[in-house]
Structures are given as C-alpha cells and as structure tokens.
Amino acid sequence: MSSSIQEFDVKYFVKLRSSLDGEQSFLSWSGSIYAFIPGERRKKLFNMLGMSVSRCIPADEESWNFTSRELTYYLDPETGDILHQWDNPWTGETLTVVHVANNPVQGYLKGKFPAEVNKDMTTFWFDLFPNYPNPLANEPQFAAYSPQETYQAAELFKLTVPTEDLHDPDLKSVSKLFLSWDRIGPWVPWMKMGDQRGQLIYSGRGVKVNDFTELPELLQNEINTRVSVYKNAPQPPLDEDADMTSWTYFQKHFQAYLSGERFPIVETE
C-alpha cells in the first residue's frame with residue numbers, strides 16, 4: 001500500500017481534534033501505566049481511563065484558540081476499580097491517589113500539520129518534549145514528593161481519521177478518530193518517590209465519541225456526581241497562565257492530599 005506525507009492547513013487539524021463550528025467534542029482513552037527502573041523488570045502499576053472535552057474558536061483568519069478540560073483516573077490493574085489509596089511497593093507507604101484533573105488545558109493552533117495519507121485513512125502525529133522548571137522544586141514541603149529542578153517528559157501522539165472526512169466540506173468534525181498516546185515522564189508527586197531513579201510509561205489508545213453519553217460509564221458517573229465542570233469545554237480566550245498540570249494541581253490541593261480526601265476534588269460549573 002502506497003502512502004505519502006502531506007501537510008494540512010490548521011483548519012483540517014481543528015476539524016480532527018475538535019470542530020470547525022465552535023461546538024465541543026469529546027475524546028476518551030484507556031491504557032496501562034508502568035514503572036520503568038533501570039536494571040529492574042517492568043512493573044505494571046495502574047490501568048487508566050480518561051477523557052477530554054474541547055473546543056476551538058477562531059483567533060483570526062489563520063489561527064484558532066483551543067481550550068479543553070481533561071480527566072484521567074488511576075485504576076486497580078486487577079479489578080479496574082478507581083484507586084483512592086495506593087500502597088507504594090518501594091517505600092511501603094499507603095498514599096492518597098491524586099487523579100489527573102487538568103482544568104483548563106489550552107493552546108494556540110496555526111500553520112501546517114504533517115500527516116501520512118494511506119488512501120482511506122490519514123494519520124497526524126505530533127511529538128512533544130516539555131522541559132521547564134518544576135513548580136514544586138523550590139518549596140521544602142515538596143522535597144519528598146518532587147524535588148527535581150526540571151520537569152521533563154515525552155508525549156507521543158498519533159491521530160488517525162478517515163481521509164474522506166477531512167475533505168468533506170459538509171462535515172464540521174470528523175466522524176471517527178483513533179488515538180494512540182505514549183508518555184514517558186517522572187514519578188507523579190503523589191507517589192512520594194522523591195529522588196528515586198525511574199520513570200513512568202503511559203501506553204494509551206482512544207477514540208472520539210459523539211457526545212457525553214458515549215463516554216465510559218465510570219467517567220459519566222464521576223462527572224455527573226463530583227466534577228460536573230468536565231461536561232463542558234471552557235470558552236476562550238483564557239488567561240495565558242491558567243493551564244493546570246498534575247504538578248500544579250498537587251500544589252494547589254496539597255493539604256487535601258495530606259488529609260486523605262477523595263480526588264478529584266469536587267468541581268462544579
């Protein structure tokens with residue numbers, strides 16, 4: 001099967017990731033999370049289940065504002081249940097689990113986006129290598145949780161959609177999307193691994209769903225009862241410093257973590 005690498009204008013990526021008419025769209029993903037420690041055998045720590053709700057609004061004639069909210073739950077790898085406490089096998093401590101609750105996540109989309117076109121299907125890819133100062137590094141209270149001066153990771157995405165959908169002028173959003181996502185990054189702060197060597201590897205896959213009611217039941221239940229703000233994407237533009245990460249969320253809710261509260265913290269519209 002022959003294929004070709006082509007570049008697509010930003011509007012095609014907007015059509016893929018969200019929608020050209022400003023309506024919100026949902027992605028859902030699942031997968032596994034492993035500990036990777038040099039010299040040791042691989043160790044599966046968690047299953048994961050997550051979602052995002054996003055929208056894109058034109059910023060000008062050539063660019064778009066992207067806003068979203070993201071949840072990812074750490075699940076028991078045997079039962080699939082949400083974990084609220086976790087027994088750290090390296091330190092022996094029982095710790096509160098802080099699930100991923102990034103509200104908001106935003107971006108600015110412009111330019112061209114490369115993709116591999118294989119006749120019926122087209123795959124966009126983007127490889128991100130975030131590298132910036134760790135917001136927890138200079139606070140002594142976080143020394144046991146995340147003392148590294150720099151946050152550094154790799155996130156590798158592949159998004160596959162029907163080629164026909166991209167070129168259909170009547171479609172504002174692609175009918176199908178298949179997601180592949182891999183992440184290599186440091187221990188998350190709530191694991192309380194300090195400066196112990198090793199990393200986490202996330203291996204995920206997912207799809208675009210038509211609306212909230214097509215998300216997995218576990219996610220619907222959590223959003224309906226505890227974090228209803230994740231039913232809707234934010235309206236852009238947002239404060240440029242508003243982005244939430246697992247590190248800043250941990251910083252914000254550190255006392256709740258120490259108190260053993262249930263995460264994500266309740267958050268409504």
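Just so we're clear, the structure is a prediction, and the values are computed from it rather than from any experiment.
Arg69 contributes no side-chain N or O that, together with a main-chain N or O of Tyr230, makes up a donor-acceptor pair within less than 3.5 Å. A donor-acceptor distance shorter than 3.5 angstrom exists from the side chain of Asn88 to the backbone of Thr91, with no hydrogens or angles considered. Between the side chain of Asn118 and the main chain of Met121, no donor-acceptor pair closer than 3.5 Å is present. Formation of a donor-acceptor pair under 3.5 Å by the Arg197 side chain with backbone atoms of Pro38 is found in this model. Although no hydrogens or angles enter the test, the distance criterion places no donor-acceptor pair under 3.5 Å between the side chain of Asp127 and the main chain of Leu156. A donor-acceptor pair is defined here as one N or O able to donate and one able to accept, closer than 3.5 Å; no such pair exists between the side chain of Ser19 and the backbone of Gln24. The backbone N or O of Ser25 sits nowhere less than 3.5 Å from a side-chain atom of Lys208 that would complete a donor-acceptor pair. Thr248 contributes no side-chain N or O that, together with a main-chain N or O of Met244, makes up a donor-acceptor pair within less than 3.5 Å. A donor-acceptor distance shorter than 3.5 angstrom exists from the side chain of Arg55 to the backbone of Ala233, with no hydrogens or angles considered. In this structure a side-chain-to-backbone donor-acceptor pair under 3.5 Å is missing from Arg262 to His84.
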Let me see the working for Val227 and Val266 under side chain to side chain contact (heavy atoms under 4.5 Å, CB included), right down to the final yes or no. CA-CA 5 Å; Val227 283; Val266 171; 5.8 Å; no
Kindly determine whether Trp247 and Tyr151 satisfy ring-ring contact (aromatic ring centres under 6.0 Å, His included), including the steps that lead there. CA-CA 9 Å; Trp247 272 248; Tyr151 172 84; 4.9 Å; yes
What do the steps show when you test Glu267 against Asn103 for side-chain hydrogen bond (donor to acceptor under 3.5 Å, both in side chains), and what is the final call? CA-CA 10 Å; Glu267 191 174 4; Asn103 174 26; 2.6 Å; yes
Step by step, work out the side chain to side chain contact (heavy atoms under 4.5 Å, CB included) result for Phe46 and Tyr34. CA-CA 7 Å; Phe46 315 106; Tyr34 304 91; over 6 Å; no
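When only modelled atom types and interatomic distance are considered, Thr163 and Thr122 share a side-chain donor-acceptor pair under 3.5 Å. No side-chain donor from either of Gln148 and Asp195 sits under 3.5 Å from a side-chain acceptor of the other. Remark: the Ser4 side chain and the Gln6 side chain contain an N/O donor-acceptor pair separated by less than 3.5 Å. Between Glu214 and Asn210, the side chains place a donor N or O and an acceptor N or O closer than 3.5 Å (distance only, hydrogens not considered). Defined by atom type and a distance below 3.5 Å, a donor-acceptor pair is missing between the side-chain atoms of Trp187 and Ser146. Side chains of Trp90 and Gln196: no donor on one and acceptor on the other come within 3.5 Å. A donor-acceptor contact under 3.5 angstrom links the side chains of Ser175 and Asp165, judged on distance only. A donor-acceptor pair shorter than 3.5 Å cannot be found between the side chains of Glu116 and Thr123. Neither side chain, Arg17 nor Ser173, offers a donor N or O lying under 3.5 Å from an acceptor on the other.
Within 6.0 Å of CD in Gln85 there are more than 12 heavy atoms belonging to other residues, nucleotides or ligands. Within 6.0 Å of CD in Glu62 there are 12 or fewer heavy atoms belonging to other residues, nucleotides or ligands. Atom NZ of Lys44 has more than 12 neighbouring heavy atoms from other residues, nucleotides or ligands inside a 6.0 Å radius. Applying the 6.0 Å contact sphere to CZ of Phe126 captures more than 12 heavy atoms from other residues, nucleotides or ligands. Annotation for Glu7: atom CD counts as buried by contact number, over 12 foreign heavy atoms lying within 6.0 Å. Counting heavy-atom neighbours within 6.0 Å of Gln235 CD, excluding the residue itself, gives a total above 12. For Lys11, the NZ atom counts as loosely surrounded, since its 6.0 Å shell holds 12 or fewer non-hydrogen atoms of other residues, nucleotides or ligands.
The six-membered or imidazole ring of Tyr108 lies away from that of Trp64, with a centre-to-centre distance of 6.0 Å or more. Between Phe250 and Trp190, the gap from one ring centroid to the other reaches at least 6.0 Å.
Between Phe124 and Phe8, the two ring planes are tilted [angle within 30° to 60°]. Using a 30° and 60° split on the angle between ring planes, Phe263 and His253 fall in the perpendicular class, above 60°.
Taking every heavy atom of both residues into account, Pro234 and Pro104 meet most closely at CG-CB, 4.0 Å. Residues Pro189 and Tyr145 approach most closely at O-CD2, 3.4 Å, considering heavy atoms. Across every non-hydrogen atom of Val53 and Lys231, the tightest pair is CG2-O, 4.1 Å. The shortest heavy-atom contact between Met191 and Leu95 is O-CD1, 3.1 Å. Listed here is the closest heavy atom pair of Tyr257 and Val98: CD1-CG2, 3.6 Å. When all heavy atoms are compared, the tightest approach of Leu75 to Met48 is CD1-C, 4.2 Å.
A single hydrophobic cluster is seen to contain both Tyr202 and Leu179, as judged by linkage of ILVMFWY side chains at heavy-atom distances under 4.5 Å, directly or through other members. Hydrophobic clustering keeps Phe178 apart from Leu27 (ILVMFWY residues linked when any side-chain heavy atoms are closer than 4.5 Å, directly or through intermediates). Residues Val100 and Phe157 fall within the same hydrophobic cluster, defined by Ile, Leu, Val, Met, Phe, Trp and Tyr side chains chained together at heavy-atom separations under 4.5 Å. Residues Leu218 and Leu215 share a hydrophobic cluster, clusters being chains of Ile/Leu/Val/Met/Phe/Trp/Tyr side chains in contact below 4.5 Å. Leu136 and Leu200 fall within the same hydrophobic cluster, where Ile, Leu, Val, Met, Phe, Trp and Tyr residues are linked whenever their side-chain heavy atoms come under 4.5 Å apart, directly or through other members.
Atom-to-atom distance recorded for Gln152:CD and Gln199:CD is 8.5 Å, nearest 0.5 angstrom. To the nearest 0.5 Å, atoms OG1 (Thr160) and CH2 (Trp125) are separated by 11.0 Å. Interatomic distance, CD of Glu149 versus OH of Tyr132, reported as 14.5 Å (0.5 Å rounding).
Ionic pairing of Lys192 and Glu93 is present here: one or more N-O contacts between side-chain nitrogen and carboxylate oxygen are shorter than 4.0 angstrom.
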